[in-house]
Amino acid sequence: MQREVMFAGFGGQGILLIGNILAHAAMEQGFEVAWVPSYGPEMRGGTAYCLVAISDRPIGSPIIRNPMHLVAMNRPSLEKFAPMVKPNGVVVINSSLISIGAERDDVDELRVPANDIAKDLGSTKVANIVALSAFVARSNIVDFEVLRKCVQEQFASREKLIPINMAALDAGEKAARLK
Amino acid sequence: MQREVMFAGFGGQGILLIGNILAHAAMEQGFEVAWVPSYGPEMRGGTAYCLVAISDRPIGSPIIRNPMHLVAMNRPSLEKFAPMVKPNGVVVINSSLISIGAERDDVDELRVPANDIAKDLGSTKVANIVALSAFVARSNIVDFEVLRKCVQEQFASREKLIPINMAALDAGEKAARLK
Amino acid sequence: MAYKHIIDNDRCKGCGLCVTICPKNVLEMSEDVNSMGYFPAHQARPDDCIFCTTCCIMCPDVAITITKVVEETEASEQ
Amino acid sequence: MAYKHIIDNDRCKGCGLCVTICPKNVLEMSEDVNSMGYFPAHQARPDDCIFCTTCCIMCPDVAITITKVVEETEASEQ
Amino acid sequence: MGKILMKGNEAIGEAAIRAGCLNYFAYPITPQSEVAEYLSRRMPEVGGVFLQGESEVAVGYMLFGAAGCGARVLTTSSSPGISLMSEAISYISSAELPVVFVNIVRGGPGLGGILPSQADYFQATKGGGHGDYRLLVLAPSGVQEAVDMVMMAFPLAEKYRNPVMILGDGLIGQMMEPVEFSDHLKSEPSNKDDWATNGMDTRNRKERNLVKSLFLDAELLEEHNLVLKAKYDRMKQEEVRYEPYNLETDYRALVVSYGTMSRVCKTAIDNMKAEGIEVAMIRPQTLFPFPIDPIRAAAAKDGCQAAISIELSMGQMVEDVERSVQGKCPVHWHGKAGGEIPTPEEVVDVIKSLIK
Amino acid sequence: MGKILMKGNEAIGEAAIRAGCLNYFAYPITPQSEVAEYLSRRMPEVGGVFLQGESEVAVGYMLFGAAGCGARVLTTSSSPGISLMSEAISYISSAELPVVFVNIVRGGPGLGGILPSQADYFQATKGGGHGDYRLLVLAPSGVQEAVDMVMMAFPLAEKYRNPVMILGDGLIGQMMEPVEFSDHLKSEPSNKDDWATNGMDTRNRKERNLVKSLFLDAELLEEHNLVLKAKYDRMKQEEVRYEPYNLETDYRALVVSYGTMSRVCKTAIDNMKAEGIEVAMIRPQTLFPFPIDPIRAAAAKDGCQAAISIELSMGQMVEDVERSVQGKCPVHWHGKAGGEIPTPEEVVDVIKSLIK
Amino acid sequence: MAKTYKKPEALSEQVTHYCPGCTHGVIHRLLAEVIDELGIRGRTVGIAPVGCAVLAYNYFTFDFQEAAHGRAPAMATGIKRVRPDLMVFTYQGDGDLASIGMGEIIHAANRGEKFTTIFVNNTVYGMTGGQMAPTTLKGQRTTTSPAGRDVEDVGMPVKMAELISALETPAYITRQTVIKPKYIVRAKKAIKKAFQYQMDRRCFSLVELVSTCPTNWGLTPVEAIKWTEENMLPYFQLGEFKTPDEVEED
Amino acid sequence: MAKTYKKPEALSEQVTHYCPGCTHGVIHRLLAEVIDELGIRGRTVGIAPVGCAVLAYNYFTFDFQEAAHGRAPAMATGIKRVRPDLMVFTYQGDGDLASIGMGEIIHAANRGEKFTTIFVNNTVYGMTGGQMAPTTLKGQRTTTSPAGRDVEDVGMPVKMAELISALETPAYITRQTVIKPKYIVRAKKAIKKAFQYQMDRRCFSLVELVSTCPTNWGLTPVEAIKWTEENMLPYFQLGEFKTPDEVEED
Ligand SMILES: Cc1ncc(C[n+]2csc(CCOP(=O)(O)OP(=O)(O)O)c2C)c(N)n1
Ligand SMILES: Cc1ncc(C[n+]2csc(CCOP(=O)(O)OP(=O)(O)O)c2C)c(N)n1
Ligand code: SF4
Ligand code: SF4
Ligand code: SF4
Ligand code: SF4
Ligand code: SF4
Ligand code: SF4
Ligand SMILES: [Mg+2]
Ligand SMILES: [Mg+2]
């Protein structure tokens, strides 16, 4: 089966990075994966998004109008993509920046105050990891331990960033499990 | 039937012009005609030639490896083209500049001291008209009177050149009929 | 006061150039995001404004307008 | 005379530049056409030649060569 | 006005003026430089624009600019020069501008030679540039037809708001043949106010016009491409032109040939007829749209043992002939690509070798 | 070395280095600029040459010069950039130089869009430039295959002394997929001393070499074109590559599709199989030479009711499919050319509408 | 001293796609103001480049054409030759004008084509993600000069205004900047002067504008201004390099 | 004073296709002499242009590539970048270098590519039949300027040496002529100097050579020399415009 996750937000929120980490984790777990960014002058508008497709068979088109899941890090992204998510998908909403909801009753909406949690951890920069972690914990799209390993690897070359990112991972997981 | 005439010589000998006049005359007489020059960097070599095709039917390819007739105004031209002329063709040789012959026994070779005749008329410049005239007189490829008219038209805008060119025409005809 | 200084909240991209350039320190960046996701500039100290148009000249997004508050007399004078 | 001045008849294009440039008026154009159809230059007054190579320097077709007429002694000296 | 003897290149220049095209931008290249030389004299006489651009790349965009503001405009070039224009041709097609290009094809690839060739068939008909676009491609077989096609090209370009290419060769450009010019065409494309950037003040409708080819949005680009496709489909319906030759006989083979090469084929077919062997020919006058249906029908005729694409190239049009024939009979190719034109005798031999 | 997750553009750059290509000239253009960015970092590390040319026109001739003196050399660009190189591509083909071009195709014509497209099929396979030449065209359908094809491209280019083009699209360039790199290739083309202008001193044979494309003489140009043609004919014999999919079943339709589009078709075929409808696909991996015979054979199979060319263009490959099928069954086209990729559902609907 | 300030008529309502603080916006406004002031909106044709300003036509309210990368001067030539009465300007970035379009701008200037070029020099290829441009400064890092521009390897940054001034054909050539209000006022004067020369069919004119690209420089807009002042202005000196008049007039 | 004079080794035996009195022949010989004297024949690659010198490779005895029209500097760049040890020169006419190839020559010069350009300026497109070139003089008649070059319409003749000298990147730029023996001797020195800078990997070098085209000017070779002296030399002034050295050396 093929599952797709759309990550969306402002440029600078680390959107492409969390997509990348998820794709990496899925690959490590033996899945076929593809990571597709938005590119070109659209970036000027200040939005950033990417789509990660994960499958147990070779991936057909990884450009998908209706992704299965969504991680929305800001309001315009939620407004744009929430209507496209497939029924029963997980929609993670960064409630620190988004006051509204997905306005869908057929999806699994998870509100996570990612920026607030991150700020408490010491840097809003890790809000993306909080959100990713919450998403994985909720969707079980990949094994959480594999994700943990991949986050660690991601920051291997900048070692002093590891503790805060691991903390973000834990906090995100907790936020997801709480609900 | 289609007949082709190759005119060849140095640049500056008025080769393209006499081809043009013949084509014009043939057109006036109701034939289909095509005039094809050599072009491009070959000209740098100092040679000039053109081919005139005359026919009572639409002309197929006017680029012909074996023309029916040849008017050779200098030696390299004769050497290059004489072997290609079809049997029974007319080969006019400007004997003022060419000491050799066509080395063919299946063509109608006509030696005309075109430059000498022209010099006698007052200008070697009209050697080309002498040769053209001799060729037409011998081959009867077009009506001589039509040719006369076309030469006249050709120089209509430079009237003072008409007499010498008409004289050249007469001299060329005479040279051809003499033989 | 005969002039009106308006920052169009939905045109402003929050670049902050007007804030730096204002000779009277009138402007500041807002804390609230606008519809494009930017934090726009606003008049923190409107009373200090001398309507010199410096900020308008600098703004890359034509987000600042200064208009004359027209009184009858002035209008007819022109 | 220790030098030899040769105009290669079949390289010469009859441009006449050497004729104009020769300080000693040695050269003239020939009346006879060469294999390329040009009237080449020739030494009309060879005895006046001072082998200054001016004509060689000017000739666009490397048609003029001046060679040393090598005598045994000279050759071994070099 | 009667017939006059005129060089193909000059006749093309004169025909453009008579077609009301008073704007010419070009860069010299053998074997078509005489068009520029002729028009450098003629354009000032008729109050037109003559400009020698600094390169074919630049010329391509001069045409774009001029056509974009509503002017009728022409360029002429030869193979490498057309390659350099291929980006512009793609842009002009996308912006839907009516520009007439004349390619006096020379031998290729690379610098090649300057003798007659038809080796730019692919480039002209399948698009040298990028993306889905099509040129309407006309192929004259002599000077008179070149003149007629130039006169025809401008109205066609304007009808479709699409570039038209005339594909000649060195022979057609350099040769003199008798020509007759028809009357002058009217000068201005009629509907240009709807789209040309000719200055708002000159229009009734006070909306600005935009000439462009960028469509960043997938849906808009798709829509644009569908508009273009509809245009090309319409051309396929309405603009196919060809000359049938000896098609009314019980021919044993079908020749497909165009331009200079087709002249030789006619002679060959005449010669074979004299021998009692009937061979038919379809001579495409439009290379795009290609006369697919006529060729298929002709190839399907009983007794037709072979369809033979005879070209001055190493086998380009033959692919369209294959597509057209759809297996109705075997398809062959014969061609040369050095500058020499096959003789009628050679063509006769080839045809004979393919039929029983 | 195991699999790593890599962006197509970067993987292409890395693959070139592993193929022993240490010379890269290019000009930035979306959606392939990451190749240049990647190699601007990597080339200095491996002692290679990275140069950003001033334009694609210039880059084309930098490649010419570098390849002409025996260097292994790569460029990458996207549609308009390739159009600007088309004169150079014609020259390079004529001069028989082994250059590898990567075209990460974007939407066209004109400036178009930057999303995935296959609308440069004609340009790549029929020649954007002038004259009779052919590129060997490889079409990957994912990042791993892009890497493999880059590795393959250099030996192929050198085997034939002919440019090779890899036709990707924005998706393949921008997407990350897991890739594995095989071993490094050996670095030097072996026979270059016979033809490259690498300086007489460095060669045993003390004759000078000449890299050129001018043949003014008709016979010499003809001869040259026959040499080229023989090479293209040999490619047709030896280099046809394609992937058959579901071809062993009793399929009711044959899809022909390549690259990104073929991935969707596979999903569609799988979905139909699940419904009990068998559909086969031939996925050309070489677009030139095109898998004509396999397609004809497949289309001729009993029960095959339609051949469908499914492309991200307005109908280009379909012409080659028509040529291949030769009337064995009806040929259809389905495509999009805006940047959006048809979904598997859409493909399923199209196929179903064409079969009983 | 106070005066009113509002959007010029030649500028559309649309919010631009430019990044926050990008000086393209300032230059657009200046152009629109000059066009309004000269009253030529109804006979002006702008030419958008390929670069961040590719969508410039969305932000003006008069006729526009969109060029291919680098070819705007050729398009402008085409327009002016067939319609000398139209007012034509090209709007080009440094990648567009100084790299791929070098031949076209030099030849248009040399032929003395009677149009105006607005040249926005921000030292990088903005639109495609910050690659090196011919105007990239010595040592400046870009995505294709990750170790900084090495002038031994790729030469010195090109000074277009000076280069074009070296041509013999009369022209109006100036370099200005838009990083501060005082400069902006001068830049506008220069643009107006250029348009006036065009109206008078005097000469080709080029206004080079030293500009910013905060996004690709990795700086905030305010930092970008500072960087421009400290790094670009010493190399790209402001001034009038050439006027078509014997005696310079204003 | 007398000395021997014979064909240099780097020159082939073949008689050129150039017209009588065409100075291309002189320039070929100078190049061959310099290459002989520097002993670099075995590592030299010449690049022929598209123009009358398209067949130049027939007249030399070392490796050659043939460029497309105007693109020789890009080809030379390609060669020098991958093989800096080779000695590379381009040989280009004024149509080739100053018209279609303007972008390529300026960028190669600006990058400081370490090759040498021999620029043969004869004010016309020789090969294609004498059309106007960017260097055609004011009022000069050509086949595409039948009424004489109108500088109001197409601008002033381009002075390439001066233009390229306006770039910031160090280079050796000179203009010489070959119409008389004394100039020919100087031209050879300049060519040698240019090659030496290349050998030392110092800089790009350009030697512009004021030349003749008797055929397309409609003059005899001797008249052509006179015309050149009287018309070209006053406009295209001879001299060294730029050297890479702080203090000029010889
Ligand atoms: C022929 C061609 N080559 C390359 C590109 C890609 N491209 C688009 S914009 C651009 C650079 C723009 O830089 P600049 O002109 O400096 O403008 P800026 O974005 O900095 O304003 C490039 C290389 C293209 N569209 N077409
Ligand atoms: C792309 C392209 N455009 C045009 C030509 C035609 N062409 C060949 S030579 C030439 C001009 C040569 O003039 P120049 O460079 O001055 O050299 P010259 O013959 O005067 O020595 C031209 C335009 C060509 N071969 N390729
Ligand atoms: S008008 Fe002048 S004082 Fe008022 S906010 Fe703007 S810059 Fe400041
Ligand atoms: S300058 Fe304009 S866009 Fe920038 S912050 Fe001020 S008002 Fe907003
Ligand atoms: S060597 Fe000197 S003197 Fe002798 S012919 Fe030549 S130029 Fe005259
Ligand atoms: S200069 Fe040379 S080519 Fe000219 S006439 Fe003298 S020898 Fe002959
Ligand atoms: S990328 Fe640079 S030039 Fe482009 S809009 Fe953003 S800041 Fe401006
Ligand atoms: S045409 Fe001119 S440049 Fe060419 S060879 Fe003849 S004289 Fe020399
Ligand atoms: Mg820029
Ligand atoms: Mg020249």
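Predicted, not measured: the structure shown is a model, and the values here were computed from it. Naming convention: chains lettered A, B, ... in sequence-line order (proteins, then strands); numbering from 1 in each chain.
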- Task: Mind ranking Pro134(G), Pro157(G), Gly155(G) by heavy-atom pairs under 4.5 Å with chain H and telling me who comes out on top?
- Result: Gly155(G)
- Atom pair NZ (Lys159(G)) and CG (Asn110(H)), whose distance is rounded to the nearest 0.5 Å: 11.0 Å
- Note on the structure: Listed by number, the residues in residues 164-174 of chain H that come under 4.5 Å of chain G (heavy atom to heavy atom) are Ala166(H), Leu167(H), Glu168(H), Thr169(H)
- Query: More than 12 non-hydrogen atoms from neighbouring residues, nucleotides or ligands closer than 6.0 Å to CD on Glu230(H), yes or no?
  - Reply: yes
- Message: Report, in residue-number order, which members of residues 76-104 of chain H are under 4.5 Å from chain G by heavy-atom distance.
- Response: Arg81(H), Ala98(H), Ser99(H), Met102(H), Gly103(H)
- With the side chain counted from C-beta on, respond yes when Leu163(H) and Ile106(G) share a heavy-atom pair under 4.5 Å apart, and no when they do not. yes
- Query: Looking at Ile105(H), Val151(H), Asp153(H), which one has more heavy-atom pairs under 4.5 Å with chain G than the rest?
  - Reply: Asp153(H)
- Message: Please classify the contact of Arg201(G) with chain H as side chain, backbone, both or neither, using a heavy-atom distance under 4.5 Å.
- Response: neither
